[in-house]
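Have a look at the structure below before the remarks.
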Amino acid sequence: MAGGRVEAAPASASGAGPLSYGDDPLQAVDFWPARTAKGRTPLIIFVHGGGWRAGDKGNATGAAKIAHYPALGYAFASVNYRLSPAATVEQQAQDVAAAIAFLRGRAADLGVDPARIVLMGHSAGAHLVALVGADPRYLAAHGMKLDAVRGVIALDGAGYDVARQLDLAGPVLKRTYQQAFGADPARHKALSPTFQAGAPNAPSFLILHVDRADGRQQSQELAAALRKAGTPVALHALAGKGMRGHLQINRLMGDPDYPGTPIVDAWLARRF
């Protein structure tokens, strides 16, 4: 896996990117330093959604996050990963783990504390961060244990139990899941965070969902599996219905007026 240089073109007026963590052009991350803290700061690493086949850190991160979290004293990074069908979901999870390793390895240059990192993801990104936080193989492939992150924030995912989602999804979403996960039941189970959530896991999880039947059920079942394994987990339902709510939770997270923002802020303060 190729490394990357911290010196890069700006992602915005206050950020840097893209920083390369691999050889593929999609293996890249944008980085925003904390604005209100001195010394090494905590880091939030965000993973975008898009049905495992679309999305980009440039248009699926949410502008509110980029402003809000650095203002709280946290550095913020947004990760791209290789997309299906060119890459498998397994490779996408490895990309997330590789990005964590890259950022930890350059913590001194970036001014972040490698012992204070939280993963956050939305939709397909919520699935990927939950998988990386529940199945130790992805981080282990890069020389890390599950405590390489302080916790995982999953925003309205619905792929935590792949087989169930394939059974319940409507025709359009079912095609998305079939493209990403194929037809092998053993692979479905291996890529389902709910089935990988037996101990050990990342130290803590925050799972949020809107009023969307599959996201609500899948979030509740993942939380139950984590609790059964003894992993601390907080589960919150937020207002917002269907796909509109699904998009809102990502677009508005970090806006002080959005009800999910203080929930995440309080959870982060306890982790950091």
Side-chain angles (χ1 to χ4, degrees), residues 1-48 55-58 60-63 65-83 87 91-122 125 128-129 131-133 135-153 202-204 254 268 271-272:
M1 183 68 66
R5 297 183 60 183
V6 171
E7 297 80 14
S12 71
S14 58
L19 311 176
S20 174
Y21 66 85
D23 296 328
D24 190 283
L26 285 175
Q27 292 174 313
V29 57
D30 290 339
F31 175 83
W32 291 264
R35 296 203 303 271
T36 61
K38 296 180 180 179
R40 293 204 185 186
T41 65
L43 171 64
I44 299 167
I45 301 175
F46 180 78
V47 181
H48 69 77
D56 182 85
K57 59 183 172 54
T61 300
K65 299 182 191 68
I66 294 167
H68 181 70
Y69 297 116
L72 289 181
Y74 309 144
F76 187 84
S78 186
V79 174
N80 265 3
Y81 51 91
R82 292 169 291 172
L83 301 172
Q91 289 172 322
Q92 293 172 343
Q94 284 291 0
D95 281 357
V96 173
I100 297 168
F102 169 82
L103 291 164
R104 281 170 54 90
R106 287 148 183 80
D109 293 332
L110 295 171
V112 301
D113 183 349
R116 291 188 292 167
I117 293 174
V118 159
L119 279 179
M120 175 191 290
H122 171 248
L128 290 172
V129 299
L131 184 62
V132 170
D135 186 337
R137 291 176 293 182
Y138 296 103
L139 291 171
H142 297 274
M144 296 177 289
K145 297 182 180 180
L146 286 163
D147 62 3
V149 296
R150 287 274 181 99
V152 173
I153 303 172
S204 186
L268 286 170
R271 302 287 77 72
F272 290 149

(message) For A71, is there any backbone N or O sitting under 3.5 Å from a side-chain donor or acceptor partner on T36?
(response) yes
(message) If the threshold is 4.0 Å, N to carboxylate O, is there a salt bridge linking R82 and D24?
(response) no
(message) Please determine whether side-chain contact (heavy atoms from CB on, under 4.5 Å) holds for the pair D56 and N80, giving the CA-CA distance in whole Å, both sets of side-chain angles, and the decisive distance to 0.1 Å.
(response) CA-CA 6 Å; D56 182 85; N80 265 3; 2.7 Å; yes
(request) Taking R271 for its side chain and I117 for its backbone only, find out whether a donor-acceptor pair lies under 3.5 Å. (result) no
(request) Please report the shortest heavy-atom distance between P70 and P33, naming the atom on each side. (result) CB-O, 3.4 Å
(request) Look up atom CD1 in I44 and atom CZ in R150, then write down how far apart they are to the nearest 0.5 Å. (result) 13.0 Å
(message) Nearest 0.5 Å, please: how far is CZ in F31 from OG in S78?
(response) 12.5 Å
(request) For residues H142 and A101, report the shortest heavy-atom separation together with the two atoms involved. (result) CB-CB, 3.9 Å
(message) I'd like to know if D147 and K145 make a salt bridge, using a cut-off of under 4.0 Å between side-chain N and carboxylate O.
(response) no
(request) Please identify each residue that fulfils salt bridge (Lys or Arg N to Asp or Glu O under 4.0 Å) with R116, with sequence neighbours left out. (result) D113
(message) Between D30 and F76, is there a side-chain heavy-atom distance shorter than 4.5 Å?
(response) no
(request) Kindly compute the distance separating CZ (R137) from CG (L146), expressed to the nearest 0.5 Å. (result) 11.5 Å
(message) Run the side-chain contact (heavy atoms from CB on, under 4.5 Å) test on T61 and I66 for me, step by step, so that the C-alpha distance in whole Å, both residues' side-chain angles and the decisive distance to 0.1 Å come before the verdict.
(response) CA-CA 8 Å; T61 300; I66 294 167; 4.3 Å; yes
(message) To the closest 0.5 Å, what do you measure between CZ (R106) and CG (D109)?
(response) 8.0 Å
(request) Test the K65-F46 pair against the cation-pi criterion, namely NZ or CZ under 6.0 angstrom from the six-membered ring centroid and within 45° of the ring axis. (result) yes
(message) Quick check: closest heavy atoms across P114 and R40, and the distance to 0.1 Å?
(response) CD-NH1, 3.7 Å
(message) Between H68 and L72, is there a side-chain heavy-atom distance shorter than 4.5 Å?
(response) yes
(message) Nearest 0.5 angstrom please: L110 CG to L19 CG, how far?
(response) 6.5 Å
(message) Could you go through I100 and M144, starting from their C-alpha distance and side-chain angles, then the distance that decides it, and tell me whether this counts as side-chain contact (heavy atoms from CB on, under 4.5 Å)?
(response) CA-CA 9 Å; I100 297 168; M144 296 177 289; 3.9 Å; yes
(message) Using side-chain heavy atoms (C-beta onward) and a distance below 4.5 Å, is F272 in contact with T41?
(response) no
(message) How close do P42 and G73 get, counting heavy atoms only, and between which atoms?
(response) CD-O, 3.7 Å
(request) For the pair Y69 and Y74, name the ring-plane relationship: parallel under 30°, tilted 30 to 60°, perpendicular over 60°. (result) parallel
(message) Main chain of H48, side chain of Y81: is a donor-acceptor contact present, judged purely on distance under 3.5 Å?
(response) yes
(request) Side-chain contact test, heavy atoms from C-beta onward, threshold under 4.5 Å: evaluate it for L103 versus V112 and give yes or no. (result) no
(message) Pair L139, V132 - check side-chain contact (heavy atoms from CB on, under 4.5 Å), show working.
(response) CA-CA 7 Å; L139 291 171; V132 170; 3.9 Å; yes
(message) Could you tell me if the side chain of I153 sits less than 4.5 Å from the side chain of L268, heavy atoms only?
(response) yes
(message) If you define the side chain from C-beta out and look only at heavy atoms, does anything of V79 sit under 4.5 Å from Y21?
(response) yes
